[in-house]
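Proteins come first, then strands; the chains are lettered A, B, ... in the order of their sequence lines, and each starts at number 1.
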Number of protein chains: 2
Amino acid sequence: MKSTVISAAAVPPALPGAARPAGPGLPDFELIELLFFAYRDFVGEPDRLLAKHGFGRAHHRVIHFINRHPGLTVAELLDILEITKQSLARVLKDLIQGDFVEQKAGAEDRRQRLLFLTDKGRALADGLAAMQHQRIARAVMAIGPEHRPMIARFLAELIDKERGAAPATASPVP
Amino acid sequence: MKSTVISAAAVPPALPGAARPAGPGLPDFELIELLFFAYRDFVGEPDRLLAKHGFGRAHHRVIHFINRHPGLTVAELLDILEITKQSLARVLKDLIQGDFVEQKAGAEDRRQRLLFLTDKGRALADGLAAMQHQRIARAVMAIGPEHRPMIARFLAELIDKERGAAPATASPVP
DNA sequence: AAAATTACGTCAATGATGTTGACATATTTC
DNA sequence: GAAATATGTCAACATCATTGACGTAATTTT
């Protein structure tokens with residue numbers, strides 16, 4: 001074989017030149033790439049557990065937010081996920097048929113379908129959350145837990161601000 | 001109309017209960033969700049620029065890494081992206097036909113196809129990087145630039161370590 | 001009470017991105 | 001010359017998203 005120095009290219013966090021602290025006008029390639037690789041692994045581990053149930057990332061997001069907000073309506077879930085109801089319908093059908101999620105008609109407004117996790121669904125949601133929690137907890141330990149608020153602040157600042165706040169912005173659902 | 005308090009559910013960073021600082025045994029839902037929303041917006045803005053060229057996220061990643069490592073081989077790019085050559089082939093074909101990327105046979109090993117951006121490709125790559133840079137720079141400003149190394153450290157800790165098999169980081173103890 | 005709106009579901013077609021598996025071609029190495 | 005390597009390509013398929021159209025039940029408006 002040739003001296004095919006595959007280079008450090010295969011090693012995400014150690015890309016050559018990545019350590020330069022955001023020069024003058026140069027994009028912050030280090031953080032841009034770290035976000036890419038970090039997020040990939042952050043969702044990659046749950047993906048493998050989900051696959052054992054025949055589920056994907058979309059199913060993860062749905063059971064996560066139902067777990068977080070039991071009794072969520074379909075419309076509210078669509079607002080959070082920012083997908084179409086047709087996209088949601090597919091994964092929701094899988095989750096209901098697999099007995100991970102159940103629907104109850106709203107008490108006040110009986111058109112609404114309130115979403116709840118079954119015990120089975122909660123077990124899966126907890127398992128997935130535990131994976132992601134542990135990964136985050138390890139990273140928080142590494143930087144020192146006193147710096148966790150700064151991580152939260154940083155991530156919050158990455159989020160588009162004009163979205164929530166007011167119902168002024170028309171919801172994209174036709 | 002009913003008093004349909006659509007709730008704060010549509011407002012990612014202000015989900016009720018999200019502010020609790022990782023209780024005893026409870027998953028760190030705040031950071032888990034912040035990562036989700038932050039990454040979505042982080043890639044969402046570039047997506048809209050890419051769409052004007054008829055491209056998607058996969059094209060973004062390809063031109064990003066070719067921009068970062070001009071002369072990269074196809075095999076190295078596959079290692080970084082962790083996708084199959086068939087997946088890469090499709091987007092690479094788009095980029096080459098659109099004159100954003102060009103290939104040159106390797107000087108030493110003429111089987112290799114070294115990948116370079118054209119001026120057009122570099123312009124697009126720079127535009128995309130500028131978007132992501134500005135978003136990150138804003139967030140770094142918000143927390144104070146002196147804390148940027150902690151962000152980098154945190155994100156690096158989220159990444160799977162066993163992948164590289166590279167000499168770069170300390171070898172995993174014999 | 002009739003009409004309009006809302007919440008949700010569903011059918012159908014399409015696109016972007018990923019996968020496996022098989023095979024071809026050129027080049028380099030043994 | 002044979003074997004291994006780097007790349008390309010054809011074909012089938014899965015997941016997750018989209019748009020558009022239509023239907024049904026329940027609520028609100030008039």
- Message: Using whole Å, what does the distance between atom P of nucleotide dG18(C) and atom CG of Leu81(B) come to?
- Response: 8 Å
- Between Thr73(A) and Ser87(B), just flag the one whose closest nucleotide in DNA chain C comes earlier from the 5' side. Thr73(A)
- To the nearest angstrom, the CZ-P distance between Arg113(A) and dT6(C) comes to 18 Å
- Whole-Å distance between dA16(C) C1' and Gln86(B) CD? 16 Å
- Task: Would you please classify the geometry between the Phe29(A) ring and the His64(B) ring as parallel, tilted or perpendicular, with 30° and 60° separating the classes?
- Result: perpendicular
- Message: Near DNA chain C, counting only heavy atoms under 4.0 Å, which residues of residues 44-59 of chain B show up?
- Response: Gly56(B), Arg57(B), Ala58(B), His59(B)
- Message: Does dG18(C) have OP1 or OP2 under 4.0 Å away from a side-chain N or O of Thr84(B)?
- Response: no
- Under a single-linkage definition using a 4.5 Å side-chain heavy-atom cutoff for Ile, Leu, Val, Met, Phe, Trp and Tyr, are Leu114(A) and Leu92(A) assigned to the same hydrophobic cluster? no
- Looking at dG18(C), does its base get a donor-acceptor pair with the side chain of Glu82(B) below 3.5 Å? no
- Task: Check whether any side-chain N or O of Asp41(B) sits under 3.5 Å from a backbone N or O of Gly44(B) as a donor-acceptor pair, and report yes or no.
- Result: no
- Task: Name the orientation class of the two ring planes belonging to Phe42(A) and Tyr39(A) (parallel below 30°, tilted from 30 to 60°, perpendicular beyond 60°).
- Result: tilted
- Item | Rounded distance (Å) that lies between atom C1' of dT19(C) and atom CG of Leu88(B) | 14 Å
- Message: Measure CD/Gln103(A) against P/dT10(C) and give the value in whole Å, please.
- Response: 9 Å
- Query: Below 4.0 angstrom from OP1 or OP2 of dA17(D), is there any side-chain N or O of Arg61(A)?
  - Reply: yes
- hbond_proxy Arg111(B) side chain to dT28(C) base (donor-acceptor, 3.5 Å cutoff): no
- Query: How are the rings of Phe65(B) and Phe36(A) set to each other: parallel, tilted or perpendicular (split at 30° and 60°)?
  - Reply: tilted
- Message: Using only modelled atom types and a 3.5 angstrom limit, is any donor from either the side chain of Arg90(A) or the base of dA17(D) paired with an acceptor on the other?
- Response: yes
